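Hydrogens, waters and symmetry mates are skipped; everything else that's a heavy atom, side chains included, is used. Letters A, B, ... are given to chains in the order of the sequence lines, protein chains preceding strands, and every chain is numbered from 1. All figures in this text were calculated on a predicted structure; none of them were measured in a lab.
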Number of protein chains: 2
Amino acid sequence: MLRGDITAAIRNAVMNELAEVGYGRLSIEAVARRAGVGKTAIYRRWSNKLEMVLEIVSAVAERSVPMPDTGSFAGDLQLLMFIVSKALQHQIASQIIPDLMAEAARNPKIAETLQRALRTHQQAVGEKIVGQAVERGELPAGTNADLAVDLMLGPLYWRLAVSRTPIDDDYLENLSTAVLGALREPRPAH
Amino acid sequence: MLRGDITAAIRNAVMNELAEVGYGRLSIEAVARRAGVGKTAIYRRWSNKLEMVLEIVSAVAERSVPMPDTGSFAGDLQLLMFIVSKALQHQIASQIIPDLMAEAARNPKIAETLQRALRTHQQAVGEKIVGQAVERGELPAGTNADLAVDLMLGPLYWRLAVSRTPIDDDYLENLSTAVLGALREPRPAH
DNA sequence: GAGCGCCGGAACGCAACCGTTGCGTCCTGG
DNA sequence: CCAGGACGCAACGGTTGCGTTCCGGCGCTC
C-alpha cells in the first residue's frame, strides 16, 4: 500500500543526508525535511534510524562491482581498478563509504552489513581473478589471494578515500603495472 | 594559570570519547563527565568543540612516525610497515583515524589539520626512503614516490582500518616482499 | 590572613531531535 | 458513494547538548 515514489524520495534523501552529515549526525527529521515527507511516512516503513540506513545502504550496495573477465590477468586487473576507482570517485559514495567504515568500527550491525555488502563480494572478485590467472600460469601457484586483494584495492582506497589526491589514467596504469609486478614470482635479491 | 593535570585529563578524555563515539557524536558534556571536570574548565581552554578536537589531535599526531634509515630499501620498507601496522593496530588510533578521515571529507578545517599532521609527514618519509633507495641503485631512477607511498601504506590501511582483518608477521613479510617487487624495474611481459 | 584565580557543580535559556499521536486531505477499490 | 489507508502537518512530552552564568570552595601568592 505504501507509495513507491515516496519510498524512493526517502531512500534518496537518506543517501544524500548520509553523504552530507554522516551517520552519527543523521536525523530522521532532516531526512523527512529533505524528502519533502512527514516523519510518519518514514516510521511507517522502518522502525528506527539504524534499520533504515542499513536497509537502504545494502540495497544500493548490492547492485555494484561486476566480475571482470577479460581473458588476461593484466586486463582483469586494469578493468577492476578502473571500476573501483570510478566508484570511489563518485561524489556520494566517496563520502558515505569511509563514514560507514568508521562507524562500523563501533557498531557491530553496521560492520556486519558492510562486510556482507562490500567485503565479501570484493573478496570473491579478487579470488576469482587471481584463480583464473593462476590457472593460466600468469601467476605462481601459491599466490595469496588475500594479499592480492589488499594490493589491488588498498592503494586505490588510500588514494581516493583517505588522502583524496586526484587520480588520472597514467597513475592508474602505473599502479596496475606495479601491482602486477608485486604478484609475479618473487625474484632473487639480485 | 590553568592546572596541567586537569588539561591532561581533558586531553585524555577527548581521545577516548573520540574513539568511542566519533567526532559527530562527541559532546563537551560527555568529555567533562569522563574527565571528572566541569564544563567550565573546558571552555576556559578552548572556545568550542572543533577547535578543541583539532588542537588535541594534532598535538598527539605530531609526536609519531620516526624516519627509518636501516641502510637498505628492503630494511626501510619492512621497518616502516612494522611501525605503521603497530600504530594502526593501536586500539584508540584505529578508531579515531578512520573517523576523522571520514569527517575530513566534509569539514575543510579537519581536512587541513589532518593533512598537515599525517599526510605531509608520511609523504616526506616515503620520499626520503625512495630517494635513498634510488641513490643506492636499489630502485630505478624514475620511481614515482607518490605511487610508492600509496603501495606501502594503502594495503596496510585497507587491511587494518577498513577490512579489519588481523595481521601477522608472515603477512607483513609477504606484503613488503610484494611491494618490493612492485617497485623494481618493470620486466617485459614474459 | 587577604585576595586572586582556577576549580567543580548546578542551573540557565535555547535549540534540535526523538518517537508518538491526532487532524484533515487525497486517492483508490469495491 | 463510501470505507480505508497513506499522506502532510503540527504538536506532544522527554531527552540531550550547547555555551553562559553564578556559586562556594580550595590553594596559591604576597
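Remark: C1' of D/dA6 and CD1 of A/Ile10 are 11 Å apart, rounded to the nearest angstrom. Summarising the geometry, the separation between OH on B/Tyr23 and C1' on D/dG17 is reported as 14 Å, rounded to the nearest angstrom. Nucleotide C/dC18 holds its C1' atom 11 Å from the CG atom of A/Asn48, rounded to whole Å. If you measure from atom CD of A/Glu29 to atom P of C/dC17, you get 6 Å, rounded to the nearest angstrom.
Checked by distance alone, A/Lys39 brings a side-chain donor or acceptor within 3.5 Å of a matching partner on the base of C/dG19.
Nearest to the side chain of A/Ser27, among C/dC17, C/dC7, C/dT20, sits C/dC17. The side chain of A/Arg44 has D/dA6 as its nearest neighbour among D/dG19, C/dC17, D/dA6.
Using a 4.0 Å heavy-atom criterion, one finds that A/Thr40 contacts the bases of the nucleic acid, with or without backbone contacts as well. Contact annotation for B/Arg25: no contact, since no heavy-atom pair falls under 4.0 Å across all strands.
Between the side chains of A/Tyr171 and B/Asp150, at least one donor N or O sits under 3.5 Å from an acceptor N or O. Between A/Ser58 and A/Arg116, the side chains place no donor N or O within less than 3.5 Å of an acceptor N or O (distance only, hydrogens not considered).
Residues A/Asp99 and B/Arg106 have side chains in contact (heavy-atom distance under 4.5 Å, counting atoms from C-beta outward).
To the nearest 0.5 angstrom, B/Met52 atom CE is 8.0 Å from B/Lys49 atom NZ.
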